[in-house]
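In what follows, a single structure is set out as structure tokens and then discussed.
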Amino acid sequence: MKSSDNLTPRRKQIWDIVRVLVPRKMRWFFEGHPKMRGQLWYAERKLLYETIRTHRPKLCFEIGTWRGGGSTLFVSQALFENGSGMVHTVEIDKGFYDEAVSNYRTHLPHLIPHVSFHLGDFREIYKPILEEMKSLDFLILDGAEDPRQTLDQYTFFLPYIKSGTVLMVHDWFTEKTTLLKPVLENAEEWEITNVLEPPVSVGLAILTKK
């Protein structure tokens, strides 16, 4: 099961009829917010949300907000339910950034205290924040389908990763992670705690720094 964004027009009509029979939480993982488009599949959203609820991180980072209805939504909702925590999310496309900020102000104002939206290059935006905070609790790596970019992003955050930091790597089995995946798999300081595989995911790994 992917998400409601992946439904054909015919299946969307069927879903609109039967959705009221689906438990609210299950429906939320499948739909996200009906007014906001978001990536990630059902199982990926559920694992991400449950990881945040379990580990209760205070300081989270991701690169790529897109429209705000994907990982940003499920992380910030989990932080809201935890009662504390902030996710910093950066988007380089001004159109997507403006749409995401507007979406949260209009549809999800209760989550705004748990989301800090940034526009620009992640290195320029995040460097002063990380220098001040010294470390982070949770990191999402889910950028472009570019293995060098993925490895470079990991390297950028590495000095601020501490014992107990949780790392989520999306597209674990695709070209995107071909450089980073062996680094993490062969590093004694990382424990792979969960991996979602096809057909429920394109690959999503959760790791914890020992």
Side-chain angles (χ1 to χ4, degrees), residues 39-41 43-65 70-72 74-79 81-92 114-116 118 121-198 200-210:
Q39 298 172 329
L40 299 183
W41 296 359
E44 297 168 343
R45 295 171 172 183
K46 188 171 185 289
L47 177 59
L48 175 57
Y49 167 86
E50 290 175 346
T51 298
I52 298 295
R53 292 287 280 139
T54 298
H55 288 272
R56 306 182 74 84
K58 301 299 183 185
L59 189 59
C60 310
F61 288 85
E62 71 168 354
I63 299 172
T65 314
S71 53
T72 310
F74 294 92
V75 170
S76 59
Q77 179 63 36
L79 293 174
E81 293 179 26
N82 285 349
S84 64
M86 173 70 70
V87 55
H88 289 272
T89 179
V90 64
E91 175 59 54
I92 201 163
H114 299 282
V115 188
S116 183
H118 304 278
D121 184 281
F122 77 92
R123 288 159 291 217
E124 298 174 2
I125 298 293
Y126 284 161
K127 186 68 172 179
I129 298 173
L130 289 165
E131 285 295 314
E132 178 182 355
M133 299 300 180
K134 307 301 183 186
S135 65
L136 61 124
D137 302 310
F138 186 85
L139 173 63
I140 298 172
L141 293 180
D142 186 19
E145 193 69 16
D146 181 336
R148 172 52 59 183
Q149 181 186 99
T150 304
L151 182 60
D152 288 346
Q153 290 173 356
Y154 171 75
T155 302
F156 170 82
F157 284 102
L158 189 57
Y160 309 99
I161 291 175
K162 61 183 179 179
S163 176
T165 294
V166 178
L167 171 65
M168 184 195 103
V169 184
H170 196 226
D171 299 299
W172 187 244
F173 301 112
T174 74
E175 178 70 16
K176 181 188 296 186
T177 60
T178 51
L179 295 179
L180 177 60
K181 187 167 178 267
V183 171
L184 296 174
E185 288 178 327
N186 294 313
E188 294 183 359
E189 65 268 25
W190 283 105
E191 178 185 2
I192 300 175
T193 57
N194 208 324
V195 178
L196 294 180
E197 301 180 1
V200 301
S201 168
V202 292
L204 187 149
I206 301 290
L207 304 94
T208 304
K209 183 76 179 317
K210 297 178 183 177

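In this text, all values refer to a predicted model and were calculated from it rather than measured experimentally. All residue numbers refer to positions in the sequence shown, counting from 1.
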* To do: Indicate the ring-plane relationship of F157 and F122, choosing parallel, tilted or perpendicular according to the 30° and 60° boundaries.
  => parallel

Separation between CG (L141) and CG (D152), nearest 0.5 Å, reads 11.0 Å

Would a distance-only check, ignoring hydrogens and angles, find a side-chain to backbone donor-acceptor pair under 3.5 Å from K210 to E188?
yes

Worksheet item: Any side-chain heavy-atom pair from F138 and T51 closer than 4.5 angstrom?
Response: yes

Residues, nucleotides or ligands: over 12 heavy atoms within 6.0 Å of K181 NZ: yes

Correct closest heavy-atom pair for I192 and V195 would be CG2-CG2, 3.4 Å

Tell me, do L79 and M86 make a side-chain contact under 4.5 Å, heavy atoms counted? no

Y154 and V169: CA distance, side-chain angles, deciding distance, side chain to side chain contact (heavy atoms under 4.5 Å, CB included) verdict:
CA-CA 10 Å; Y154 171 75; V169 184; over 6 Å; no

In terms of heavy-atom contacts, E62 and T65 come closest through OE2-CA, 4.4 Å

Looking only at heavy atoms, the pair that brings T177 and F173 closest together is OG1-N, 4.2 Å

- Query: Taking the side chain as C-beta and beyond, is there a heavy-atom pair between I52 and F74 under 4.5 Å?
  - Reply: no

**Request:** Answer yes or no: is there an ion pair linking R56 with D137, defined by an N-O contact shorter than 4.0 Å?
**Result:** no

Tightest non-hydrogen contact, residues K134 and Y160, listed as O-CD2, 3.7 Å

Exam field: side chain H114 to backbone S76, donor-acceptor pair closer than 3.5 Å:
no

| said: Determine whether a donor-acceptor pair (N or O, by modelled atom type, separation under 3.5 Å) exists between the side chain of N82 and the backbone of S84. | reply: no

Are I129 and F61 packed together at the side-chain level, in the sense that at least one heavy-atom pair is separated by less than 4.5 angstrom?
yes

| said: Tell me whether the rings of H88 and H118 are parallel (<30°), tilted (30 to 60°) or perpendicular (>60°). | reply: parallel

Steps toward side chain to side chain contact (heavy atoms under 4.5 Å, CB included) verdict (V75, I140) = CA-CA 10 Å; V75 170; I140 298 172; 3.9 Å; yes

Inset, instruction - Give a yes or no on whether the backbone of P147 and the side-chain of E175 come within a donor-acceptor separation of less than 3.5 Å. - result: no

*asked:* Please tell me whether T208 and E191 have a donor and an acceptor in their side chains that are separated by less than 3.5 angstrom.
replied: no

dist S71:OG -> I63:CD1 (nearest 0.5 Å) comes out at 11.0 Å

Q: I would like to know whether L204 and L48 meet side chain to side chain contact (heavy atoms under 4.5 Å, CB included); could you show each step before the answer?
A: CA-CA 9 Å; L204 187 149; L48 175 57; 5.6 Å; no

CD of E145 to OG1 of T174, rounded to nearest 0.5 Å, is 3.5 Å

Would you mind reporting whether D142 and K176 have side-chain heavy atoms less than 4.5 Å apart? yes

- Looking at side-chain heavy atoms only, is the closest gap between L184 and L180 below 4.5 Å? yes

Side-chain donor or acceptor of E44 paired with backbone N/O of S201 under 3.5 Å
no

Value for CG (L136) from NZ (K209), rounded to nearest 0.5 Å, stands at 10.5 Å

Output for pair (L207 CG, E189 CD), nearest 0.5 Å, gives 10.5 Å

query = Distance-only, no hydrogens or angles: does the Y126 side chain make a donor-acceptor pair with backbone N or O of V90 under 3.5 Å?
reply = yes

d(M168 CE, L47 CG) to nearest 0.5 Å is 8.5 Å

For E131, is the CD atom crowded, meaning more than 12 foreign heavy atoms sit under 6.0 Å from it? yes

